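Predicted, not measured: the structure shown is a model, and the values here were computed from it. Lettering of chains follows the sequences in order, A, B, ..., and the numbering in each one begins at 1.
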2 protein chains.
Amino acid sequence: MSDALLWTALADPHRRAIVALLLERPRPVGEIVEACGLSQPGTSKHLKVLREAGLVRVRQDAQRRVYALDPGPIAELDAWLAPYRTLWNTSLDALGDRLDETAPDTSEKPAPKD
Amino acid sequence: MSDALLWTALADPHRRAIVALLLERPRPVGEIVEACGLSQPGTSKHLKVLREAGLVRVRQDAQRRVYALDPGPIAELDAWLAPYRTLWNTSLDALGDRLDETAPDTSEKPAPKD
DNA sequence: CCAGCATATAACTGTCGAGGCATATTTGAT
DNA sequence: ATCAAATATGCCTCGACAGTTATATGCTGG
């Protein structure tokens, strides 16, 4: 489908934070609310956007709704990225002076900031 | 810089189209205007957003301004994506055939922890 | 300097989305 | 049946942003 939903979903920093949270483990809404410091309805809305983008799925457990990450759409993102990856692999030398901006130790832990 | 600019820049479909155009080759503004079917000022505004996100650079050639893609920020996107890549390695390796990950010979930067 | 092309900026408008509060809905417990 | 807990939805406001037209800026040749 159109990846417009995917991009708009990930465009919001709160939603990226939620996605990062769910990368660690599935969580009920309450935990997510507390983690991202938003109101519960606001968080629910973000979760709805993420659901409609296919980024998360819900499992019902008593009154709780446990949200979990769905890797599919993120794989789509990776596919979108693929053509560009060749670009910086090949032109790494030419533009390398611009590329070494990030600290060399940023690839150790899966700790998405933001 | 903050990747918020990067995400918001790529959130717009016209801007993604421009980025795709510049992947093929650098282009002056006129070409981009014609390609994405927007007004010239509108296109210029999008280019400004892409510039401020670091996604494109400009080279002045007489009256023309030739825009070219800068792979740096897209590499940041790839870095953001990295933790999630492991996720679909484990769960659905059906689409995992494209994951050469970052090139193995990029000894310049320590390879993502695989 | 002047004319003309190519691009950027300004000012304005309409739309969309984020965030808040109040409320509805669903589920479990007593 | 009733109540409480957990989550979703409706309504509202406000600010951000895309897109337009008109105008300014910059560059080049004559």
**Message:** Reading DNA chain C from 5' onward, which residue's closest nucleotide shows up sooner: T43(B) or D61(A)?
**Reply:** T43(B)
**Asked** How close or far is atom P of dC17(D) from atom CG of D12(A), stated in whole angstroms?
**Response** 12 Å
**Item:** Atom pair distance, as rounded to whole Å: CG in L50(A) and C1' in dG17(C)
**Value:** 14 Å
**Message:** Please confirm whether the shortest side-chain N or O distance from S39(A) to OP1 or OP2 of dG20(C) is below 4.0 Å.
**Reply:** yes
**Message:** Over all strands shown, is P41(B) touching base, sugar-phosphate only, or nothing at heavy-atom distances under 4.0 angstrom?
**Reply:** base
**Asked** Which nucleotide in the list dG19(C), dG26(D), dG19(D) gets nearest to the side chain of H46(B)?
**Response** dG19(D)
**Minimum heavy-atom distance L6(A)-E76(A), with the two atoms named** = CD2-CB, 4.2 Å
**Prompt:** Does Y67(A) make a side-chain N or O approach to OP1 or OP2 of dA8(D) shorter than 4.0 Å?
**Reply:** yes
**Fill in**
Rounded to whole Å, the CZ-C1' distance (R15(A) to dA18(C)) equals 8 Å
**Item:** Rounded interatomic separation in angstrom, taking CZ from R65(B) and P from dA6(C)
**Value:** 14 Å
**Asked** How long is the line joining CD of Q63(A) and P of dT27(C), in whole Å?
**Response** 10 Å
**Asked** According to a strict under-4.0 Å criterion, is H14(A) in side-chain N/O contact with OP1 or OP2 of dG19(C)?
**Response** yes
**Item:** Length of the line joining Q40(B):CD and dT21(D):C1', which is rounded to integer Å
**Value:** 11 Å
**Asked** Between dT9(D) atom C1' and E52(A) atom CD, what is the distance in whole Å?
**Response** 12 Å
**Prompt:** Which word best sums up how the rings of W7(A) and W80(A) line up, parallel for under 30°, tilted for 30 to 60°, or perpendicular for over 60°?
**Reply:** perpendicular
**Short side-chain to backbone donor-acceptor contact, R15(A) and T8(A), under 3.5 Å** = yes
**Message:** Please confirm whether the shortest side-chain N or O distance from K45(B) to OP1 or OP2 of dA18(D) is below 4.0 Å.
**Reply:** yes
**Request:** When you get a sec, tell me which of dT7(C), dT28(D), dT7(D) is the closest nucleotide to the side chain of V29(A)?
**Result:** dT7(D)
**Asked** Reckon G42(A) touches a base, only the sugar-phosphate, or nothing at all at heavy-atom distances under 4.0 Å?
**Response** nothing
**Message:** Taking the side chain as everything from C-beta on, heavy atoms only, tell me whether V33(A) gets closer than 4.5 Å to C36(A).
**Reply:** no
**Message:** Heavy atoms from C-beta onward define the side chain here; which of dG26(D), dT7(D), dT9(D) lies closest to that of R64(A)?
**Reply:** dT7(D)
**Asked** Around E34(A), counting heavy atoms of other residues, nucleotides and ligands shown, do more than 12 lie under 6.0 Å from its CD?
**Response** no
**Fill in**
When rounded to whole Å, the CG to P distance for the pair L5(A) and dG17(C) reads 10 Å
